[in-house]
Amino acid sequence: MSAKPEDFFKNIISHCKEYGFIFQSSEIYDGLSAVYDYGQNGAELKKNIREYWWKAMVQMNENIVGIDSSIFMHPTVWKASGHVDAFNDPLIDNKDSKKRYRADVLIEDHIAKIEDKITKEVEKAKKRFENFDEAMFRSTNARIIEYQTKINDINTRFKAALNDNNLADVKQIIVDCEIVCSISGTRNWTDVRQFNLMFSTSIGSVDGEGSTIYLRPETAQGIFVNYLNVQKTGRMKIPFGIAQTGKAFRNEIVARQFIFRMREFEQMEMQFFVKPGTEMHWYEHWKTARLKWHHSFGLGETNYKFHDHIKLAHYANAAADIEFQFPFGYKELEGIHSRTDFDLKQHEQFSGKKLQYFDTESNSSYVPYVVETSVGLDRLFLATLSAAYKEETLENGETRVVLNLPPALSPIKVAVFPLVKKDGLPEFAEKIMESLKYDHIVTYDEKDTVGKRYRRQDAIGTPYCITVDHQSLEDNMVTVRERDSMKQERIAISAIPQYMNERVGLTSLLKKL
RNA sequence: GCGAAAGUAGCUCAAUUGGUAGAGCUCCAGCCUUCCAAGCUGGAGGUUGCGGGUUCGAGACCCGUCUUUCGCUCCA
């Protein structure tokens with residue numbers, strides 16, 4: 001329609017700022033890369049999405065309960081989960097080809113090449129001599145000795161450099177070995193850098209005496225370490241789930257695409273504990289249930305698709321993403337993973353505590369298997385907003401920008417206007433607003449023409465506007481104008497509460513599930 | 001992180017080879033009109049992202065830096 005695809009996403013970002021949905025963090029100080037703040041309307045929309053998720057998972061399922069675990073956790077949690085070891089690879093870039101390599105792999109490959117040369121020398125010699133003594137040949141041949149010395153030197157130096165965490169020397173080894181990029185063929189390398197996934201800080205008020213702890217890179221571990229607490233105190237019977245929403249932190253190498261990938265973000269996760277062997281049943285169950293939940297937003301079912309993982313993480317035996325068609329293409333919105341008993345087993349091992357469940361049916365104990373649903377709240381926010389954002393051309397040729405948000409998720413549910421700013425209409429309108437504010441977020445506006453005020457509300461997705469006119473003073477009727485159709489109807493003031501409750505509450509969404 | 005491009009009022013953009021930073025919209029205070037953004041009057045808002053340099057003089061030229069976008073790379 002009006003905007004070109006490449007401009008469309010830009011317009012959404014501008015709209016987010018202009019109407020108080022998203023601001024860049026610390027903007028007056030030039031901002032902080034890949035960190036964003038939610039403004040007055042964004043905070044409401046985000047809260048509403050979170051609430052809808054929570055009700056759909058916890059309130060609607062008797063066997064799912066919610067927790068709220070700390071962002072700080074014992075450092076060993078992240079050793080057990082594998083996060084500490086997984087992201088400490090030293091990386092180096094070739095400036096010409098822009099190709100990134102693991103520095104240790106480059107060096108190991110180089111060593112392997114030298115070993116190849118030795119092997120070739122040995123094979124050549126094998127063919128030449130009848131009674132070939134390989135060990136003798138290896139220990140006496142001058143060229144092989146030279147190669148082997150080189151390998152030993154590199155290995156010694158490389159080990160020392162890694163032990164001392166001396167990244168400068170790791171680079172120097174690459175330079176000294178004259179290792180070239182296989183693509184560009186050049187030796188134009190950047191410095192070797194260590195990338196850490198997790199943000200660290202220290203606990204304990206005395207500087208230097210505290211121990212290093214991490215800001216959690218996922219909320220799931222808070223569920224795993226509490227699984228037995230919840231199971232016992234809640235008398236939960238398998239299968240049961242534990243849900244949680246909360247911030248997680250990842251020191252991404254690159255963070256792009258607005259709030260799609262941020263360093264600080266919010267997850268909504270549910271870990272479902274099941275009897276081993278039944279996990280595939282539950283995996284399929286949650287795939288279906290979660291997709292249905294997404295569809296209930298009414299943003300277009302064709303915008304969603306499953307992406308089944310072929311290559312699985314070490315802890316999983318099945319994994320799928322629900323992808324959403326963002327303005328920049330299909331991208332992951334939610335992950336549904338069959339995580340096996342990997343996490344709980346790891347925590348058993350590292351903590352030395354039994355994390356087993358006693359199954360009264362089979363009269364046996366086992367570590368439950370886990371099926372995880374994990375959705376990014378910020379991504380869901382972006383998906384919702386970008387699918388709801390419409391630049392419309394009206395019949396009279398005018399354009400309007402409207403957010404076709406599900407009414408239950410809209411930041412503001414009702415706007416109340418006096419048709420004119422005199423004759424007692426403002427006071428009358430304010431009374432209506434006062435009566436509604438106990439149940440809904442309501443706003444009041446008396447500035448500019450009423451048409452302009454409708455457009456302002458369209459731009460933030462307010463589903464209903466109530467306008468008070470002179471006749472209202474006599475018959476206690478008001479005009480209700482609906483956002484998407486722009487249709488108006490006349491209703492009694494006494495009917496407003498029920499009218500709104502039927503249309504802007506979460507109940508109607510929950511009933512679709 | 002690498003490369004390229006960009007950064008001027010809340011938003012969209014101007015500003016002659018280097019010569020006093022402007023406009024429209026928005027916003028605010030009023031007036032008028034009164035059911036779909038368009039009338040009138042007045043007002044606020046900028047160390048031109050930031051820091052250096054060249055120059056008599058820099059929004060413009062040079063260097064650095066920050067942020068954003070795109071491509072590559074990475075992605076439990």
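Letters go in sequence order (proteins before strands), and every chain restarts at 1.
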Using the [atom1] atom on both, measure [N] against [M] and round to a whole Å.
N     : M     : atom1 : answer
B:G24 : B:U34 : P     : 28 Å
B:C63 : B:U54 : P     : 15 Å
B:A29 : B:U65 : C1'   : 42 Å
B:G7  : B:A15 : P     : 12 Å
B:U41 : B:U26 : P     : 15 Å
B:U17 : B:U12 : C1'   : 28 Å
B:U68 : B:A76 : P     : 23 Å
B:G3  : B:G46 : P     : 36 Å

**Item:** Per A:Lys17 side chain, nearest of listed nucleotides B:G10, B:C36, B:A76
**Value:**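 Nearest nucleotide to the side chain: B:G10.
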**Item:** Out of B:A76, B:C35, B:C11, whichever nucleotide has its closest atom nearest the side chain of A:Thr467
**Value:**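 Among the listed nucleotides, the one closest to the side chain of A:Thr467 is B:C35.
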**Asked** Taking only N and O in the side chain of A:Gln488, is any of them less than 4.0 Å away from OP1 or OP2 of B:C36?
**Response**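 A:Gln488 to B:C36 OP1/OP2: no side-chain N or O under 4.0 Å.
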**Prompt:** So does A:Ser33 get a side-chain nitrogen or oxygen closer than 4.0 Å to the phosphate oxygens (OP1/OP2) of B:U68?
**Reply:**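 It does, given that an N or O in the side chain of A:Ser33 lies less than 4.0 Å from OP1 or OP2 of B:U68.
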For [X] and [N], what is the distance between atoms [atom1] and [atom2] respectively, to the nearest whole Å?
X        : N     : atom1 : atom2 : answer
A:Arg261 : B:C74 : CZ    : P     : 12 Å
A:Met477 : B:C35 : CE    : P     : 18 Å
A:Phe9   : B:U69 : CZ    : C1'   : 10 Å
A:His309 : B:A76 : NE2   : C1'   : 10 Å
A:Phe258 : B:U68 : CZ    : P     : 11 Å
A:Gln457 : B:C35 : CD    : P     : 19 Å
A:Phe417 : B:U33 : CZ    : C1'   : 17 Å
A:Ile466 : B:C35 : CD1   : C1'   : 15 Å

Are there any protein N/O atoms within less than 3.5 Å of an N/O atom in nucleotides 24-32 of chain B, and if so, which ones and at what distance?
from: B:U26; atom 1: OP1; to: A:Lys452; atom 2: NZ; distance (Å): 2.9
from: B:C27; atom 1: OP1; to: A:Arg456; atom 2: NH1; distance (Å): 2.9

**Request:** Between A:Tyr19 and A:Ser81, name the one whose nearest nucleotide on RNA chain B is closer to the 5' end.
**Result:**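 So the residue in question is A:Tyr19.
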**Asked** Closer to the 5' end of RNA chain B via nearest nucleotide, is it A:Tyr36 or A:Val450?
**Response**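 Its nucleotide being nearer the 5' end, the pick is A:Val450.
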Would you mind pulling out the nucleotide paired to [N], Watson-Crick or G-U wobble, both distances under 3.5 Å?
N     : result
B:G3  : B:C70
B:G45 : none
B:U16 : none
B:U8  : none
B:C40 : B:G30
B:U54 : none
B:G59 : none
B:A76 : none

Keeping the roles fixed (side chain from [X], backbone from [Y]), state whether a donor-acceptor pair exists under 3.5 Å.
X        : Y        : result
A:Glu489 : A:Val480 : no
A:Lys413 : A:Ser410 : yes
A:Glu323 : A:Tyr330 : no

Could a donor-acceptor pair under 3.5 angstrom be found where the side chain of [X] meets the base of [N]?
X        : N     : value
A:Ser14  : B:C11 : no
A:Asp469 : B:C35 : yes
A:Arg453 : B:C36 : no

**Request:** Describe the nucleic acid contact of A:Glu27 in one word from base, sugar-phosphate, nothing, applying a heavy-atom distance below 4.0 Å.
**Result:**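 No contact at all - A:Glu27 keeps every heavy atom at 4.0 Å or more from the nucleic acid.
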**Message:** Set out, in order, the CA-CA distance, both residues' side-chain angles and the distance that settles side chain to side chain donor-acceptor pair (under 3.5 Å) for A:Glu334 and A:Ser374, then state yes or no.
**Reply:** CA-CA 6 Å; A:Glu334 169 151 5; A:Ser374 173; over 6 Å; no
**Message:** Going by salt bridge (Lys or Arg N to Asp or Glu O under 4.0 Å), name the residues that satisfy it together with A:Glu372, two or more places apart in sequence or in a different chain.
**Reply:**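 A:Glu372 satisfies salt bridge (Lys or Arg N to Asp or Glu O under 4.0 Å) with A:Arg339 once adjacent residues are dropped.
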Which protein N or O atoms sit under 3.5 Å from an N or O of nucleotides 44-49 of chain B?
from: B:G49; atom 1: O2'; to: A:Asp30; atom 2: OD1; distance (Å): 3.1

**Message:** Suppose we screen for ring-ring contact (aromatic ring centres under 6.0 Å, His included). Which residues come up paired with A:Trp286, at least two apart in sequence or across chains?
**Reply:**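 Here the qualifying residues are A:Phe272.
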**Request:** Could you list the residues that satisfy ring-ring contact (aromatic ring centres under 6.0 Å, His included) with A:Tyr283, not counting sequence neighbours?
**Result:**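 Residues passing ring-ring contact (aromatic ring centres under 6.0 Å, His included) with A:Tyr283: none at all.
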**Message:** Just so I know, are the side chains of A:Lys17 and A:Glu27 near enough to count as touching, which here means a heavy-atom distance under 4.5 Å?
**Reply:**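 Sidechains of A:Glu27 and A:Lys17: in contact.
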**Prompt:** Would a 4.5 Å heavy-atom cut-off, applied to side chains only, mark A:Tyr499 and A:Tyr464 as touching?
**Reply:**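 Counting from C-beta outward, A:Tyr499 and A:Tyr464 do come under 4.5 Å.
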Please list, one pair per line, the donor and acceptor atoms closer than 3.5 Å that link side chains of residues 467-477 of chain A to other protein atoms, with sequence neighbours excluded.
from: A:Thr467; atom 1: OG1; to: A:Tyr454; atom 2: OH; distance (Å): 3.0
from: A:Asp469; atom 1: OD1; to: A:Gln471; atom 2: N; distance (Å): 3.1
from: A:Asp469; atom 1: OD1; to: A:Ser472; atom 2: N; distance (Å): 3.0
from: A:Asp469; atom 1: OD1; to: A:Ser472; atom 2: OG; distance (Å): 3.0
from: A:Asp469; atom 1: OD1; to: A:Arg490; atom 2: NH2; distance (Å): 3.3
from: A:Asp469; atom 1: OD2; to: A:Arg490; atom 2: NH1; distance (Å): 3.0
from: A:His470; atom 1: NE2; to: A:Asp423; atom 2: OD2; distance (Å): 2.7
from: A:Gln471; atom 1: NE2; to: A:Asp475; atom 2: OD2; distance (Å): 3.0
from: A:Ser472; atom 1: OG; to: A:Asp469; atom 2: N; distance (Å): 3.0
from: A:Ser472; atom 1: OG; to: A:Asp469; atom 2: O; distance (Å): 3.3
from: A:Ser472; atom 1: OG; to: A:Met477; atom 2: O; distance (Å): 2.7
from: A:Asp475; atom 1: OD1; to: A:Met477; atom 2: N; distance (Å): 3.0

**Message:** Other residues, nucleotides and ligands only: do more than 12 of their heavy atoms fall within 6.0 Å of CZ on A:Phe72?
**Reply:**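 Not more than 12 within 6.0 Å, no.
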**Message:** For the CD atom on A:Gln498, are there more than 12 heavy atoms of other groups (residues, nucleotides or ligands in this structure) within a distance under 6.0 Å?
**Reply:**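 Counting neighbours around CD of A:Gln498, 12 or fewer heavy atoms of other residues, nucleotides or ligands fall under 6.0 Å, so no.
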